[in-house]
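The structure appears below as structure tokens.
Reminder, nothing fancy here: chain letters follow the sequence lines and each chain counts from 1.
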Amino acid sequence: MSIFIDNTTTLLVQGITGRDGSFHAKQMMEYGTTVVGGVTPGKGGQKFEETVPIFNTVAQAVAATGANTSVIYVPPPFAADAMMEAAAAGIKLIVCITEGVPVLDMTKVYPYVKEMGARLLGPNCPGLITPGQSKVGIIPGRICAPGPVGVVSRSGTLTYEIVNLLTKAGIGQSTCVGIGGDPINGTNFIDALAAFEADPQTTVVAMMGEIGGTDEQEAAEFVRTKMSKPVVGFIAGQTAPPGRRMGHAGAIISGSAGTAAEKIEAFEKAGMGIAKRPMDFVELVKARL
Amino acid sequence: MSIFIDNTTTLLVQGITGRDGSFHAKQMMEYGTTVVGGVTPGKGGQKFEETVPIFNTVAQAVAATGANTSVIYVPPPFAADAMMEAAAAGIKLIVCITEGVPVLDMTKVYPYVKEMGARLLGPNCPGLITPGQSKVGIIPGRICAPGPVGVVSRSGTLTYEIVNLLTKAGIGQSTCVGIGGDPINGTNFIDALAAFEADPQTTVVAMMGEIGGTDEQEAAEFVRTKMSKPVVGFIAGQTAPPGRRMGHAGAIISGSAGTAAEKIEAFEKAGMGIAKRPMDFVELVKARL
Amino acid sequence: MNLHEYQAKEILRRHGVPIPDGDIATTPDAAEALAVKYGVPVMVKAQVHVGGRGKAGGVKYCATPAAAKEKATAILGMDIKGLTVLKVLVTVAEDIGSEAYVGIIVDRATKKPVFMVSAAGGIDIEEVAATTPEKIKYHPVDPRYGLRTFEAMEMGFFLYEDVKQARAAAKIMQQLYSAFIESGCSLAEINPLVVTPTGTVVAVDGKMVIDDNELDRLPAIEALRDESSEEASEVEARKANLTFIKLDGNVGCVVNGAGLAMATMDLVKYYGGDPANFLDIGGSSNPEKVVNALRIITADKNVKAILFNIFGGITRTDDVANGIVTATKANPLTVPIVIRLTGTNEEVAMKILTENGFSASSDMDEAVQKAVALATGAAA
Amino acid sequence: MNLHEYQAKEILRRHGVPIPDGDIATTPDAAEALAVKYGVPVMVKAQVHVGGRGKAGGVKYCATPAAAKEKATAILGMDIKGLTVLKVLVTVAEDIGSEAYVGIIVDRATKKPVFMVSAAGGIDIEEVAATTPEKIKYHPVDPRYGLRTFEAMEMGFFLYEDVKQARAAAKIMQQLYSAFIESGCSLAEINPLVVTPTGTVVAVDGKMVIDDNELDRLPAIEALRDESSEEASEVEARKANLTFIKLDGNVGCVVNGAGLAMATMDLVKYYGGDPANFLDIGGSSNPEKVVNALRIITADKNVKAILFNIFGGITRTDDVANGIVTATKANPLTVPIVIRLTGTNEEVAMKILTENGFSASSDMDEAVQKAVALATGAAA
């Protein structure tokens, strides 16, 4: 088992002929993901890597392939439209990798995707991977291994760091989910935690948060009140100054809200394991398996 | 029994201090409608007719009175906002009397009211009356009498004509509903027919349509497939020229669509009684009681 | 309210839609001058609110400025379906590679603005809908989100295989949509949308119908009204706040309420008469309205009898009675009048009428039959 | 990106918000001339991107043009929290009857623009929120519908009992909302919104923060950027497409990915060091970026050791290695460097580094400890 994606996932790649899209489409295909089509307006009728059909629109692609999932690698000005296009075409899981999507765009994308009954992951996220089954996005497949740990994170490379440590210590993952670093994203920690709680394969969850907002605090409350499975947490940005955007659009301490201290306090209150350093995850998770 | 309103209806009047609002508020109070409050920005704290409290906003009025229904008598440029304000404040039945609401406004009001879970009647409608219990709008109370006939119509005075004929012939009404003459309205024939079908008091339905659109055709299909109760129908506008708006914004034959002939054909197909003249309703309804 | 082609094009141009250069002329010399200014060939196009201008000879291709003058001479003053041509649009004639149709209406069923697009352009879309419906793509727009790029592109690709043309059309659709919304339209269309032999996409004709209910808040649009192209009696009625539509019959009808007015017309027809008009005096029963209504109706020489049908709800029937008395005192009627009044203040109204020599009934059916008999008798 | 008060006010004015007349001066004489032009009394206000200008003496009331010149002389060149004042806004001083607060932020929890309004204006809203939260009304706006009149009126009545003032405030809120949306803001506020003794509602101060992600599509807003008010190294980093924030520590950090960069800084702190910066080279691993990163970091004289922490996913670690070699050949390092590389093309990267005399590890924890030791040792 796993969450959100597995070997029944049939994937479209929006922006498949772009620099990032083509690179990662190949990587996903190599990993074994079922890539059923690509979308690039004006290249409809062509093939990607001589096998994957390209379409002008997502609607055409879905009609022809029956894809249930889409991953988006288009430049920021077009990303909001791409997400809504996928939702309008009936895609049920939309993963937006694009970084730099204006947050006001997301205030319209979010309710639309919801109205269409789709799940959005991202934007500005590394995607997700169910080791051994399917990879959607950019998480390096070779650092992952199948196993019992659900991983959910706001960060990309920090996640790789920790997944890498787990895998090297012989601890595999059920699904690794990057929810993204933007202030408004489609899937939050609670969505992923709820899915892991319901997933029989997952026995422990590792969660990497960062400064900004209250998503981690609400997640901690969810862990405290709704979860039976143990969760280990980490917060990046303890040394970040207030009022500055630390790379991620969402990683900003506003006034006195969204600090690492208050998030760690929430974790403590929820009885979660707390990793002070990335490497601490290995022992904390191992102790809870 | 009845549909949409009865003696549990608690009513707000939006625009209660205006010319039309104040006149009809008094008429409704005289009829016995439970008018619990009025709304006029800037007159909050005053009283209407020394008894009905006036509020600045619908939200305040609902909080103070628990009103479940609202009737709107505000000028056309403000009507869309008034309908949405009522829906936002939790009103469950919104009746908009105002004529002349721009149809593009309604393309936004309609989905909003729906999202809020409210029912809208109108705009550009005479409202509704459940004889002997409650009157919301402008239908003259004295022409109605309680009884078994459900009346639903796109028109105002034409409805009065027919209700008057029925009452004079000793045939009372369960509820008379004017859905309004605009191209986009909140409640259509089918909504009212479905409610009458479910209402134990109603045994026959009288329905007055007019040219323009396909609402009557869809209603006829509903009568044919979903209704056990007999329905008598009438279509106004058999002599109307195509392409001209016959007073009601919705009463217009577009190209060859929306003619009286096609609507009457649909009624015939549904096995409905067809009134060729207003006075025919009396015998047709009587025969079905 | 209908806009003229040149008015619709000016609005579309402001929203960014590529439109061939052009301007309006009211004289043949002005038309010639415009042909010189923009460069030939040009089209000279009659500006009247009626379909089928082309078939009526109101649209001409002109290869030279002299030809523009000659064609303008022929078209200006021409009568097309009863309307006199007072203005022509002189506009650059585009080479046409293909013609498509792009339109938006407010759709009653979906309660949304709906696009209709078809690669079969240049002809009446109703004809396409009737004969080859598969050639039309319908696309409802959620007005909360507006027309998004992906939606416009789906329609663009429905019209054109070429991605540049699809993109150009998609952009034009977004511009058309914004013009549609901001101008308070109930219909806006470009027909034909042309691809020139060099691949450029341009709007060669434009049409807009404005929702009358928008005009109060859009004074710039209201200012585009061209009364010279409307029926004089309808202009007069609008100024008097009456809803009036002129017809060809002989029974003049004065009614309160649109539905009752239509039903009255239908009943006139049912009993063998012909309504001369649709006239709704509306809910408020100001006697002045009745006076204006009678003036407008009696100006129609076809009218052989006048029928009042008033069901007093908000309308006070005594106000109506007073209006009838005042109007007929000032201008005595030359045709018979049949009055039906019932409802609010009916007794007072009846008394006023009787005292002034009018009879009145409270029965609609009876009144209509009487009016028809009078009109038919008078016509015989 | 922060806008200056005068820039925000200009945008708000264009959206119809009533703002007292005013303009910018860079010299005392110009300030005096503006005081004459607009009429005294005026306020002279330092234009710097920092809160607490008033407390720092950067905002002064001037009853005469001479006073405006005098205060401008004092304020221009003043240092406020490390920033030099280069411009003052000279603006008509309004009589103040009452002060309210009106602001909009994009709220993460509701995922909508949210209004915050309070009759307790003129002070920091965070202070109001902390001490008297009941004085703030929060109102999320559904961006699909925009800020509707009834919503604005509800907030207007929350601020003012008087219906004229409530309406004026409501209109200003709709104008503020449209400015917020069209300028791509993450925050826009008017503080204070003033009612003058005669009952007029005016915006006496304005603030806007632009979402950096909007700047590409809003060139007119990007053009308002005032680089003279930013940290020079951060300006340079932005031009090199690096995400860089200068801090006060001694360990210069070069990392790929924002989360890993923060975690690296935290780990530096954990082991007793102090990060000199946040620096994310991003996903694409162009060697040029590494060269620029090293130039910016080594320009900071506080930096006593440099730490690279690269987890290669999209980032090719061999590109990073090449960047290090190139940069250090051109400008030999004067401080020690610790390199941690793992992931994509790790073997190639290690080989490049070794051949050029660098050592590298693949363990983050170990590398951080080593960098801290070097920085601390060097500082000792």
Side-chain angles (χ1 to χ4, degrees), chain B residues 20 23-24 76-77 99-108 110-112 126 138-140 143 153-161 164 181-184 208 210-215 218 234-241 244-251 254-256 258 260 276-279, chain C residues 105-109 111-113 124-126 129-130 141-144 180-181 184-186 211-214 216-217 243 245 247 249 255-270 274-275 278-280 282-284 309-315 342-344 363-365 368:
Chain B
D20 292 346
F23 177 80
H24 291 291
E99 180 177 356
V101 180
V103 69
L104 289 177
D105 283 5
M106 289 309 301
T107 64
K108 287 198 163 182
Y110 184 80
Y112 184 71
I138 66 175
I139 297 177
I143 62 170
S153 173
R154 268 167 75 183
S155 155
T157 45
L158 174 60
T159 313
Y160 310 166
E161 186 75 44
N164 193 42
D182 275 2
I184 297 185
M208 292 115 230
E210 58 191 37
I211 54 164
T214 57
D215 206 13
E218 285 140 28
F234 176 83
I235 298 293
Q238 306 188 40
T239 51
R244 303 303 304 271
R245 168 174 153 172
M246 303 302 282
H248 285 165
S254 307
S256 57
K276 294 187 174 169
R277 304 169 297 177
M279 66 182 290
Chain C
I105 53 158
V106 179
D107 178 54
R108 304 159 71 122
K111 302 181 200 282
K112 289 174 183 161
D124 188 358
I125 192 69
E126 295 236 352
V141 179
D142 187 330
R144 301 172 301 164
F180 175 88
I181 296 294
C185 292
S186 49
D211 176 2
D212 291 346
N213 292 343
E214 295 271 4
D216 278 347
R217 64 180 176 193
T243 311
I245 293 169
L247 301 169
V255 190
N256 67 322
L260 188 60
M262 281 189 278
T264 305
M265 290 160 58
D266 294 349
L267 203 59
V268 165
K269 186 85 174 178
Y270 181 87
D274 254 317
F278 169 94
L279 197 160
D280 174 9
S284 102
N309 183 16
I310 306 295
F311 197 109
I314 322 177
T315 310
T342 192
T344 312
D363 186 291
M364 172 174 169
D365 207 77
V368 170

* Structure fact -> Nearest heavy-atom contact between Arg245(B) and Asp211(C) is NH1-OD1, 3.8 Å
* Inter-residue atom distance Tyr270(C).OH - Arg277(B).CZ, 0.5 Å rounding -> 4.0 Å
* Structure fact -> When every non-hydrogen atom of Gly313(C) is compared with those of Tyr160(B), the smallest separation belongs to CA-CE1, 4.4 Å
* **Contact class of Ile138(B) relative to chain C, heavy atoms under 4.5 angstrom** => side chain
* Asked: Do Ile184(B) and Val106(C) have side chains that get closer than 4.5 Å, going by heavy atoms?
  -> yes
* Check whether Thr344(C) gets within reach of chain B through its side chain, its backbone, both or neither, counting any heavy atom under 4.5 Å. => both
* To do: May I ask you to name which of Arg244(B), Met246(B), Glu210(B), Lys276(B) has the most heavy-atom pairs under 4.5 Å with chain C?
  => Met246(B)
* Is a side-chain N or O of Thr157(B) found less than 3.5 angstrom from the main chain of Phe311(C), in a donor-acceptor match? -> no
* **Nearest atoms (heavy-atom pairs only) where Gly259(C) meets His248(B)** => N-CE1, 4.0 Å
* Structure fact -> Turns out that what part of Asp280(C) lies under 4.5 Å from chain B's heavy atoms comes down to neither
* Winner by heavy-atom pair count (cut-off under 4.5 Å) against chain C, out of Ala236(B), Pro102(B), Pro76(B), Ser254(B) -> Pro102(B)
* Asked: Can you name the closest pair of heavy atoms from Pro113(C) and Thr107(B) and give their distance?
  -> CD-CG2, 4.1 Å
* Counting distance only, does the side-chain N/O of Arg108(C) pair as donor-acceptor with the main-chain N or O of Gly250(B) below 3.5 Å? -> yes
* To do: Check whether any side-chain heavy atom of Asp105(B) lies under 4.5 Å from a side-chain heavy atom of Arg217(C), and answer yes or no.
  => yes
* Sort Lys111(C) into side chain, backbone, both or neither according to what part of it lies under 4.5 angstrom from a heavy atom of chain B. => both
* Check each atom of Asp212(C) against the heavy atoms of chain B and say whether the ones under 4.5 Å are side chain, backbone, both or neither. => both
* To do: Mind ranking Thr243(C), Leu279(C), Asp365(C) by heavy-atom pairs under 4.5 Å with chain B and telling me who comes out on top?
  => Asp365(C)
* Rounded to the nearest 0.5 Å, what's the gap from CG on Leu260(C) to CE on Met208(B)? Could you check? => 12.0 Å
* Do the side chain of Asp266(C) and the main chain of Gln238(B) share a donor and acceptor less than 3.5 angstrom apart? -> yes
* **Which of Gly100(B), Pro140(B), Ser155(B), Gly181(B) touches chain C most, by non-hydrogen pairs under 4.5 Å** => Gly100(B)
* Structure fact -> Ranked by heavy-atom pairs below 4.5 Å to chain B, first place among Asp107(C), Asp216(C), Ile245(C) goes to Ile245(C)
* **Choice from Asp20(B), Asn164(B), Ile139(B) maximising heavy atom contacts with chain C below 4.5 Å** => Asn164(B)
* Structure fact -> Ranking Ile211(B), Leu158(B), Thr214(B) by heavy-atom pairs under 4.5 Å to chain C gives rank one to Leu158(B)
* Asked: Do you know which of Ala251(B), Pro77(B), Pro111(B) has the most heavy-atom pairs under 4.5 Å to chain C?
  -> Pro111(B)
* Residue part contacting chain C, namely of Tyr112(B), when any heavy atom lies under 4.5 Å -> neither
* From Met279(B) CE over to Leu267(C) CG, what is the distance, rounded to the nearest 0.5 angstrom? -> 9.0 Å
* How far does OG1 of Thr239(B) sit from NZ of Lys269(C), to the nearest 0.5 angstrom? -> 7.5 Å
* To do: Sort Leu247(C) into side chain, backbone, both or neither according to what part of it lies under 4.5 angstrom from a heavy atom of chain B.
  => side chain
